[in-house]
Amino acid sequence: MTGSPPSDLTDALAFAVATVRSAGALLTASYERVLRIDYKSARDVVTEVDYASEKLVLDAIRERYPDDGILAEESGHHRRRNREPFAGRTWVVDPLDGTVNYANGLPYFCVSMALVDADGPLLGVILDPQRDDLYAATRDGPATLNGEPVRASTKEQLSDYVVSLAVIGRGGLGRERRITRSIRIHRRMGSAALALAYVANGRFDAFVQNGGLSLWDVAAAGLIAERAGATVSDLHGGRWWDPLARGATISIVAAPPPQHAALLELLAAVGTQVRARRP
């Protein structure tokens, strides 16, 4: 994978990079200074910084690309070009992935921004403002970290793998224990988008989560991992990008090709369940 992005994406990619860097600067300025925390659910929160970061990103999109659609975590669909999901270009934004970490002063969170069309993600950008790490990819270009091409893990044995693993739902902990017997160790870091992006340069050898993910969690990071050479799929080996997904129902398995099938087999063997997608 070499070369620069197609000419029609060059400006959009540069815009996305500049925008997530501006949002990242906002997050950094407010880090460990959060004044208001609201509860979205029993286990999820939102802060005033989430809203401020989202406003910054959405205002930038509206000014630069007024005809594009927008899907953002904190406020849902802001604008669609027509009634079909992603029939035109749509920006998919998570202004702060890892809010619980952020609100508690844990330095593991990111800004995620992707541009998608009817065929899936066109480009994706993930910024970790604490490390000043910027992952990026386009549909036909390489995955990069801070401008340099990156590749997924080259480890030959699944037993050497460090895996971002979250098998949720009834009996999840028991199923996780059975899976972890085949890998070196697993981690759950609290920012799915950043953990999935880490597959692109082997910080995580693989990423596995059965449900609980939304479109804004995976749009950018899934493309980045894929363009770095990882195989990215749902739990059954099918397409990972599902534009009809509603709510936190998406599942992802991302790993280098030699071990991807082995992980799918392990998941099937332990009876991992996925909630049925809504029509």
Side-chain angles (χ1 to χ4, degrees), residues 20-58 71-76 92-114 124-135 162-170 172-173 175-176 180 185-199 203-204 206-222 224-225 245-252 254 275:
V20 298
R21 287 205 177 278
S22 294
L26 186 155
L27 299 184
T28 299
S30 300
Y31 184 56
E32 297 190 301
R33 297 180 177 88
V34 175
L35 299 177
R36 178 182 174 187
I37 300 174
D38 295 325
Y39 291 87
K40 296 168 66 174
S41 67
R43 297 187 178 182
D44 201 6
V45 301
V46 61
T47 72
E48 79 273 12
V49 185
D50 292 76
Y51 294 120
S53 178
E54 183 171 286
K55 183 179 186 303
L56 183 157
V57 174
L58 268 54
L71 173 63
E73 178 182 9
E74 303 308 336
S75 39
V92 181
V93 177
D94 192 338
L96 172 50
D97 187 62
T99 300
V100 172
N101 286 350
Y102 184 86
N104 283 271
L106 299 173
Y108 192 85
F109 51 87
C110 70
V111 184
S112 175
M113 189 171 178
V125 177
I126 299 278
L127 176 69
D128 173 358
Q130 290 295 287
R131 293 178 60 89
D132 196 28
D133 278 348
L134 190 137
Y135 293 85
V162 178
V163 179
S164 175
L165 176 65
V167 182
I168 62 179
R170 182 176 299 175
L173 289 177
R175 293 196 292 269
E176 279 192 358
T180 57
I185 200 165
H186 74 288
R187 294 285 184 261
R188 190 180 298 184
M189 305 298 287
S191 171
L194 188 53
L196 181 52
Y198 272 14
V199 174
R203 287 178 177 169
F204 277 126
F207 176 99
V208 176
Q209 184 163 332
N210 70 320
L213 300 171
S214 299
L215 291 170
W216 44 77
D217 295 314
V218 303
I224 291 165
R246 296 293 183 269
T249 59
I250 296 172
S251 303
I252 292 285
R275 287 183 294 176

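Note that this is a predicted model, so its numbers are computed, not measured.
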Participant: If I compare all heavy atoms of Pro95 with all of Val111, which pair ends up nearest, and what's the gap?
Facilitator: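 Closest pair (atom of Pro95, atom of Val111, distance): O-CG2, 3.7 Å.
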Participant: Output all residues satisfying side chain to side chain donor-acceptor pair (under 3.5 Å) with Asp128, sequence neighbours left out; order by chain, then residue number.
Facilitator: none
Participant: Look at the side chain of Asp217 and the backbone N and O of Ala248, then say whether any donor-acceptor pair between them is shorter than 3.5 Å.
Facilitator: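 No, Asp217 side chain to Ala248 backbone: no donor-acceptor pair under 3.5 Å.
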Participant: Just so I know, are the side chains of Met189 and Phe204 near enough to count as touching, which here means a heavy-atom distance under 4.5 Å?
Facilitator: yes
Participant: Measure across Ala221 and Ala193 and return the closest heavy-atom pair with its distance rounded to 0.1 Å.
Facilitator: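 That closest heavy-atom pairing would be CB-O, 3.2 Å.
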Participant: Under a 4.5 Å cut-off applied to non-hydrogen side-chain atoms, are Gln209 and Ile252 in contact?
Facilitator: no
Participant: Can Arg21 and Asp132 be counted as an ion pair, charged N to O under 4.0 angstrom?
Facilitator: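 The answer is yes: the pair qualifies as a salt bridge.
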Participant: What pairs with Asp97 under side chain to side chain donor-acceptor pair (under 3.5 Å), at least two apart in sequence or on another chain?
Facilitator: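 Checked Asp97 against side chain to side chain donor-acceptor pair (under 3.5 Å); matches are Ser191.
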Participant: Angle between ring planes, Tyr108 versus Tyr198, binned at 30° and 60°: parallel, tilted or perpendicular?
Facilitator: perpendicular
Participant: What distance separates Gln130 CD from Leu27 CG, expressed to the nearest 0.5 Å?
Facilitator: 9.0 Å
Participant: Kindly give the heavy-atom pair with the smallest separation between Leu127 and Gly24, and that separation in Å.
Facilitator: CD2-CA, 3.8 Å
Participant: Going by the rule side chain to side chain contact (heavy atoms under 4.5 Å, CB included), which residues pair with Arg188 if we only count those two or more places apart in sequence or in a different chain?
Facilitator: Ala166, Glu176
Participant: Working to the nearest 0.5 angstrom, can you tell me the gap between Asn101 CG and Leu106 CG?
Facilitator: 5.0 Å
Participant: Test of understanding: with side chain to side chain contact (heavy atoms under 4.5 Å, CB included), list the residues that count as partners of Ser22, not counting sequence neighbours.
Facilitator: Leu56
Participant: Checking Asp50 against Thr99 for the side chain to side chain donor-acceptor pair (under 3.5 Å) test, could you report, in this order, the C-alpha distance in whole Å, the side-chain angles of both residues, the deciding distance, and whether it holds?
Facilitator: CA-CA 8 Å; Asp50 292 76; Thr99 300; 2.7 Å; yes
Participant: For Arg187, which residues count as a side chain to side chain donor-acceptor pair (under 3.5 Å) partner, sequence neighbours excluded?
Facilitator: none
Participant: Donor-acceptor pair, distance only, cut-off 3.5 Å: does the side chain of Thr249 make one with the backbone of Ala245?
Facilitator: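 Not confirmed, Thr249 side chain does not pair with Ala245 backbone.
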Participant: Parallel, tilted or perpendicular, judged at 30° and 60°: which one describes the rings of Phe109 and Tyr31?
Facilitator: tilted
Participant: Main chain of Phe207, side chain of Ser164: is a donor-acceptor contact present, judged purely on distance under 3.5 Å?
Facilitator: no
Participant: Would you say the side chain of Leu71 lies within less than 4.5 Å of the side chain of Leu215, judging by non-hydrogen atoms?
Facilitator: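 Yes, close enough: below the 4.5 Å cut-off.
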Participant: Considering residues at least two apart in sequence or located in another chain, which fulfil the side chain to side chain contact (heavy atoms under 4.5 Å, CB included) criterion with Ala220?
Facilitator: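 Only Ser112, Ala114, Ile126 meet the side chain to side chain contact (heavy atoms under 4.5 Å, CB included) criterion with Ala220.
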Participant: For residues Val199 and Ala206, report the shortest heavy-atom separation together with the two atoms involved.
Facilitator: CG2-C, 3.9 Å
Participant: To the nearest 0.5 Å, how far apart are CG in Leu165 and CD1 in Ile185?
Facilitator: 11.5 Å
Participant: So, taking the atom named CG in Leu26 and the one named CD in Glu54, what distance separates them when rounded to the nearest 0.5 Å?
Facilitator: 12.0 Å
Participant: So do the side chains of Ser30 and Tyr102 get within less than 4.5 Å of each other, counting heavy atoms only?
Facilitator: yes
